[in-house]
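Atoms considered below: every heavy atom in the structure, side chains included; atoms not considered: hydrogens, waters and symmetry mates. Values in this document were obtained by computation on a predicted structure and should not be read as measured data.
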Amino acid sequence: MKISKLIFALSLLTASSVAGVALAHEHKAAGYEHGRHMQHAPMKRMLAGLDLTDSQREQIKQLMQQHRSEQKTARPDKAERKQMRDLLAADTFDETAARLLLEKQQQQAVNKRLAAMKLQHQVLQVLTDEQRQQLNEKRQQWQQKKQQRSNA
């Protein structure tokens, strides 16, 4: 009796694993991306429905490519990650070194956020006054929906 339960449990586990992999593959095939590839998705959603000209699309595409290439150079390097692992694995905790490393990471995060704000500003400068107005209306609607969800 116990062996049949074990076989049943293993077959159920295998079936659910295969189903999960199939769903993930289907999700990716549908065009959904995850992780770092999603960094510009909010901007794409923001600009959706604004009826951009071809020239505007090209300018925005160039701005985003430039931003992406700048951000690649700003990623933490392997030496930093090794330093973090070494701090954690050490026999004694070096608070000063940990603090310096964390402050460096915090500064990098600030720089990354500043670069994202700069990109948003540059993209907004490409838009016409009418498109900016449409964008502001979309933001207000989004804020209202967000407020309604939090009140519910």
Visitor: Side chain to side chain contact (heavy atoms under 4.5 Å, CB included) for Met64 and Lys61? Distances and angles first, verdict last.
Guide: CA-CA 5 Å; Met64 292 175 94; Lys61 182 179 178 181; 5.9 Å; no

Visitor: Take atom CD of Glu137 as the centre, draw a 6.0 Å sphere, and report whether it contains more than 12 heavy atoms from other residues, nucleotides or ligands.
Guide: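 Yes.
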
Visitor: Quick check on side-chain hydrogen bond (donor to acceptor under 3.5 Å, both in side chains): which of His67, Arg68, Gln66 does Glu70 satisfy it with?
Guide: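 One option only clears the test, and that one is Gln66.
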
Visitor: Are Leu47 and Trp142 connected in a single hydrophobic cluster, I mean Ile/Leu/Val/Met/Phe/Trp/Tyr linked by side-chain heavy atoms less than 4.5 Å apart?
Guide: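 Different clusters.
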
Visitor: For Gln108, which of Gln106, Lys104, Lys112 qualifies under side-chain contact (heavy atoms from CB on, under 4.5 Å)?
Guide: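 Single side-chain contact (heavy atoms from CB on, under 4.5 Å) partner of Gln108 among Gln106, Lys104, Lys112: Lys104.
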
Visitor: Could you grab the distance from atom CD of Glu95 to atom CG of Leu102, nearest 0.5 Å is fine?
Guide: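 Reported to 0.5 Å precision, the distance equals 10.0 Å.
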
Visitor: State the CG-CD distance between Leu101 and Gln83, to the nearest 0.5 angstrom.
Guide: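 Leu101 CG to Gln83 CD: 5.0 Å, rounded to 0.5 Å.
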
Visitor: Heavy-atom count check: over 12 atoms from other residues, nucleotides or ligands less than 6.0 Å from Asn151 CG?
Guide: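 Atom CG in Asn151 is crowded, with more than 12 foreign heavy atoms closer than 6.0 Å.
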
Visitor: Measuring from atom CG of Leu114 to atom NZ of Lys118, what distance do you get when rounded to the nearest 0.5 angstrom?
Guide: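 One finds 8.0 Å between CG of Leu114 and NZ of Lys118.
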
Visitor: Are side-chain N/O atoms of Gln147 and Gln143 paired as donor and acceptor at under 3.5 Å?
Guide: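 Not at all, the side chains of Gln147 and Gln143 share no donor-acceptor pair under 3.5 Å.
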
Visitor: Just wondering, more than 12 heavy atoms not from Gln65 lying within 6.0 Å of its CD?
Guide: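 Enclosed.
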
Visitor: Please find the pair of heavy atoms, one from Gln71 and one from Ala115, that lie closest to each other, and give the distance.
Guide: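 Scanning both residues completely, I find the closest heavy atoms to be NE2-CB, 3.3 Å.
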
Visitor: How close do Leu135 and Leu50 get, heavy atom to heavy atom, and via which atoms?
Guide: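 That closest heavy-atom pairing would be N-CD2, 4.1 Å.
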
Visitor: Any luck finding a side-chain donor-acceptor pair between Gln131 and Gln56 under 3.5 Å?
Guide: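 Per modelled atom types, Gln131 and Gln56 side chains form a pair under 3.5 Å.
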
Visitor: When you look at CG of Asn136, are more than 12 heavy atoms from neighbouring residues, nucleotides or ligands closer to it than 6.0 Å?
Guide: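 Yes, enclosed.
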
Visitor: Does His121 reach the side chain of Met117, with side-chain heavy atoms less than 4.5 Å apart?
Guide: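 Contact flag for His121/Met117 side chains = no.
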
Visitor: Regarding Gln133 and Asp129, do their side chains bring together a donor and an acceptor under 3.5 Å, going by distance alone?
Guide: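 Side-chain D/A pair, Gln133 to Asp129: absent.
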
Visitor: Is there a side-chain contact between Leu127 and Leu52, using heavy atoms and a 4.5 Å cut-off?
Guide: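 Yes, side chains in contact.
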
Visitor: Might you point out which heavy atoms bring Leu87 and Ala97 nearest each other, and give the distance in Å?
Guide: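 Closest approach of Leu87 to Ala97: CD2-CB, 3.8 Å.
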
Visitor: Is it the case that one hydrophobic cluster holds both Leu100 and Met84, taking links as side-chain heavy atoms less than 4.5 Å apart, direct or via other members?
Guide: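 No; tracing contacts between hydrophobic side chains, which count when under 4.5 Å, never links both residues.
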
Visitor: Determine whether the side chains of Gln125 and Gln59 contain a donor N or O and an acceptor N or O closer than 3.5 Å.
Guide: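 Not at all, the side chains of Gln125 and Gln59 share no donor-acceptor pair under 3.5 Å.
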
Visitor: Taking side chain as C-beta onward, heavy atoms only, is Arg149 less than 4.5 Å from Gln144?
Guide: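 No - every pair of side-chain heavy atoms lies 4.5 Å or more apart.
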
